[in-house]
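Quick note on labels: first sequence line is chain A, next is B, and so on, each numbered from 1.
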2 protein chains.
Amino acid sequence: MRKPPDATPGRGSTRERVLDVTLSLLNRHGADQVTTRSIADAAGINEGNLYYHFRTKEALYLALFDRFERASLSLLETIGGDDPSGYAGALPAWFRLSWSYRFLFRDTLAVRSAAPGLRRGLRRLAVRLMAEMARVMAAMQHAGLLRLPDGEQDRLVANIGIVSCYWVSFLTLHRGMRALTEAHMQWGCLQVRSLYAPFLTEAALAAFDRAQDPLVGRPRTTLSRPGPAAAEG
Amino acid sequence: MRKPPDATPGRGSTRERVLDVTLSLLNRHGADQVTTRSIADAAGINEGNLYYHFRTKEALYLALFDRFERASLSLLETIGGDDPSGYAGALPAWFRLSWSYRFLFRDTLAVRSAAPGLRRGLRRLAVRLMAEMARVMAAMQHAGLLRLPDGEQDRLVANIGIVSCYWVSFLTLHRGMRALTEAHMQWGCLQVRSLYAPFLTEAALAAFDRAQDPLVGRPRTTLSRPGPAAAEG
DNA sequence: GTCTATACCAAGATAGAC
DNA sequence: GTCTATCTTGGTATAGAC
């Protein structure tokens with residue numbers, strides 16, 4: 001596999017390719033299985049060359065985390081407002097993003113031990129994301145889409161955070177899967193939806209029902225949850 | 001620290017002590033930090049001696065898992081029936097148990113890679129436990145304590161499984177904790193309770209209200225959720 | 001920028017004396 | 001059953017030629 005000629009030749013092409021390949025390996029095989037050797041092999045370069053671009057393995061993790069942090073913050077910050085249609089599709093978008101960096105959620109322990117310098121960042125981002133989620137919940141209540149019992153918001157936010165972060169881990173442990181598909185991600189959206197569904201107002205159900213994305217609206221009978229048959233590798 | 005004289009001297013005392021010490025180390029420091037060296041040190045024996053009692057590190061994990069499997073199955077199998085009081089305290093008991101083997105939930109990836117022979121067992125137990133949870137939910141519906149919308153049971157069971165399994169992981173990532181306290185476990189019980197709370201019948205609320213354990217019944221205003229202040233190490 | 005060759009280290013595991 | 005000493009492996013990282 002030769003490197004294709006690039007528009008800006010020599011500027012970052014190998015580096016970016018290494019990052020893409022590393023992300024793919026981490027997601028597919030788990031952070032504990034991915035060695036610098038395997039990364040170099042998959043990128044089609046030598047291990048020594050890899051260390052030219054990233055002086056430590058930790059630097060690789062830091063670069064990937066940086067990517068994820070930017071993407072996740074810019075995504076969550078766009079959610080809000082009084083227009084119900086603004087919330088449609090937010091959950092799938094978030095799941096899609098966390099899906100493409102799923103090693104961060106699934107292999108947290110290994111990541112932390114391979115990149116101790118990431119601990120602060122991981123925690124800071126987690127706190128930040130939870131705060132954004134809480135803000136979205138508050139905005140939905142303000143927009144009359146959600147009605148939560150007193151003191152329930154914190155618990156709901158925490159549960160949503162847990163289920164969306166650990167859905168992948170749960171599937172891996174429970175189903176013993178090798179490969180996870182897009183269908184599992186949609187299933188995860190439905191799991192999260194069922195957390196706040198009991199608190200949606202009639203107005204929200206009506207508004208979401210008109211939205212295109214069935215994952216946010218009232219569940220359709222035609223939309224069946226992907227069952228265990230699809231889950232087994 | 002000398003070994004105290006035992007009622008049955010020489011029969012299993014070192015072996016059991018090693019198991020206890022290993023469990024403690026795994027829970028406290030994480031599966032990726034615990035080496036055979038650290039286990040031997042903590043047990044007050046030599047590494048060579050450790051390998052006399054457990055021929056591989058994997059054997060240690062297998063023995064610990066066996067302990068947990070027996071305990072968890074015998075716990076869940078006792079839950080059920082039409083008497084509401086039978087359910088009071090079940091959730092805290094389950095949390096207490098999973099708490100004392102929390103490395104299994106928190107460090108799944110490391111456990112699987114250190115003990116590949118455990119994968120089948122872990123998965124089998126997970127499936128079995130979920131089935132037990134589903135059975136308990138069905139029993140609660142039969143007893144008139146719970147009323148679930150059509151098709152909601154599977155999602156509720158999955159969400160309960162996720163939150164109860166990953167509560168510890170969530171706290172570790174989110175709060176950056178060193179030490180977890182009993183308070184966090186109670187907080188976790190409240191999180192799980194809020195999952196099924198919307199579906200409890202009036203009869204259940206009344207019955208649980210009479211039960212001793214506030215975690216299963218209607219939330220008391222006097223029982224406050226432990227806040228971030230208590231969470232920080 | 002990319003390669004070859006190699007140093008270094010930590011962790012699991014074994015041999016054999018006591 | 002317990003110890004000391006040692007082997008082995010595999011993964012991160014460096015030196016230096018091209």
_As a quick check of understanding, evaluate side chain to side chain contact (heavy atoms under 4.5 Å, CB included) for A:Leu125 and A:Leu129, giving each step before the final call._
CA-CA 6 Å; A:Leu125 180 60; A:Leu129 291 179; 3.9 Å; yes
Under 3.5 Å, which N/O atoms of the protein pair with N/O atoms of nucleotides 11-13 of chain C?
from   : atom 1 : to      : atom 2 : distance (Å)
C:dG12 : OP1    : B:Lys57 : NZ     : 2.5
C:dG12 : OP2    : B:Thr36 : N      : 2.8
C:dG12 : OP2    : B:Thr36 : OG1    : 2.9
C:dA13 : OP2    : B:Tyr51 : OH     : 3.2
C:dA13 : OP2    : B:Lys57 : N      : 2.8

Atom pairs under 3.5 Å, N or O on each side, protein against nucleotides 16-18 of chain C: can you list them with distances?
none

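- Scored by the ring pair (Phe, Tyr, Trp, His ring centres under 6.0 Å) test, B:Phe105 finds B:Phe68 as partners (sequence neighbours excluded).
- Within the 4.5 Å cutoff, side-chain heavy atoms of B:Trp94 are placed close to those of B:Ser164.
- The side chain of A:Tyr52 contributes no N or O atom lying less than 4.0 Å from OP1 or OP2 of C:dT2.
- Whole-Å rounding puts the A:Phe54 CZ to C:dT2 C1' distance at 15 Å.
- With sequence neighbours left out, A:Arg67 forms a side-chain contact (heavy atoms from CB on, under 4.5 Å) with A:Glu16, A:Leu19, A:Asp20, A:Leu23, A:Leu64, A:Tyr101.
- Residues from residues 108-115 of chain A lying near DNA chain D, meaning a heavy-atom separation below 4.0 Å, are absent.
- At whole-Å resolution of the value, CG in A:Leu50 and C1' in C:dT4 are 15 Å apart.
- In the helix from C:dG1-D:dC18 to C:dC18-D:dG1, the terminal helix axes, each the rotation mapping four pairs' C1' atoms onto the next four within five end pairs, subtend 10°, rounded to 10°.
- Phosphate contact (OP1/OP2 of D:dT2, side-chain N/O of B:Asn49, threshold under 4.0 Å): present.
- Every residue two or more places apart in sequence or in another chain that forms a side-chain contact (heavy atoms from CB on, under 4.5 Å) with A:Ser38 is listed here: A:Leu25, A:Val34, A:Thr35.
- Take B:Val136 and apply the side-chain contact (heavy atoms from CB on, under 4.5 Å) test, not counting sequence neighbours, and it matches B:Ile79, B:Tyr87, B:Met140.
- Salt-bridge check for B:Arg96 with B:Glu182: passed, with a basic side-chain N closer than 4.0 Å to an acidic carboxylate O.
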Exercise for review: Report the C-alpha separation of A:Glu77 and A:Arg128 in whole Å, then their side-chain angles, then the decisive distance to 0.1 Å, and conclude whether the salt bridge (charged side-chain N to carboxylate O under 4.0 Å, His left out) test is met.
Suggested key: CA-CA 11 Å; A:Glu77 281 166 0; A:Arg128 177 74 190 278; 2.7 Å; yes
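- One can place CG of A:Asn46 at 11 Å from P of C:dT2, the figure rounded to the nearest angstrom.
- Considering only residues two or more places apart in sequence or on other chains, A:Thr36 meets the side-chain hydrogen bond (donor to acceptor under 3.5 Å, both in side chains) condition with A:Glu47.
- Looking at residues two or more places apart in sequence or on another chain, you find no ring pair (Phe, Tyr, Trp, His ring centres under 6.0 Å) involving A:Phe65.
- Here salt bridge (Lys or Arg N to Asp or Glu O under 4.0 Å) pairs that include residues 107-118 of chain A, with residues two or more places apart or in two chains, number zero.
- No side-chain donor-acceptor contact under 3.5 Å links A:Ser100 and A:Asn27.
- Considering only residues two or more places apart in sequence or on other chains, B:Tyr166 meets the ring pair (Phe, Tyr, Trp, His ring centres under 6.0 Å) condition with A:Tyr166.
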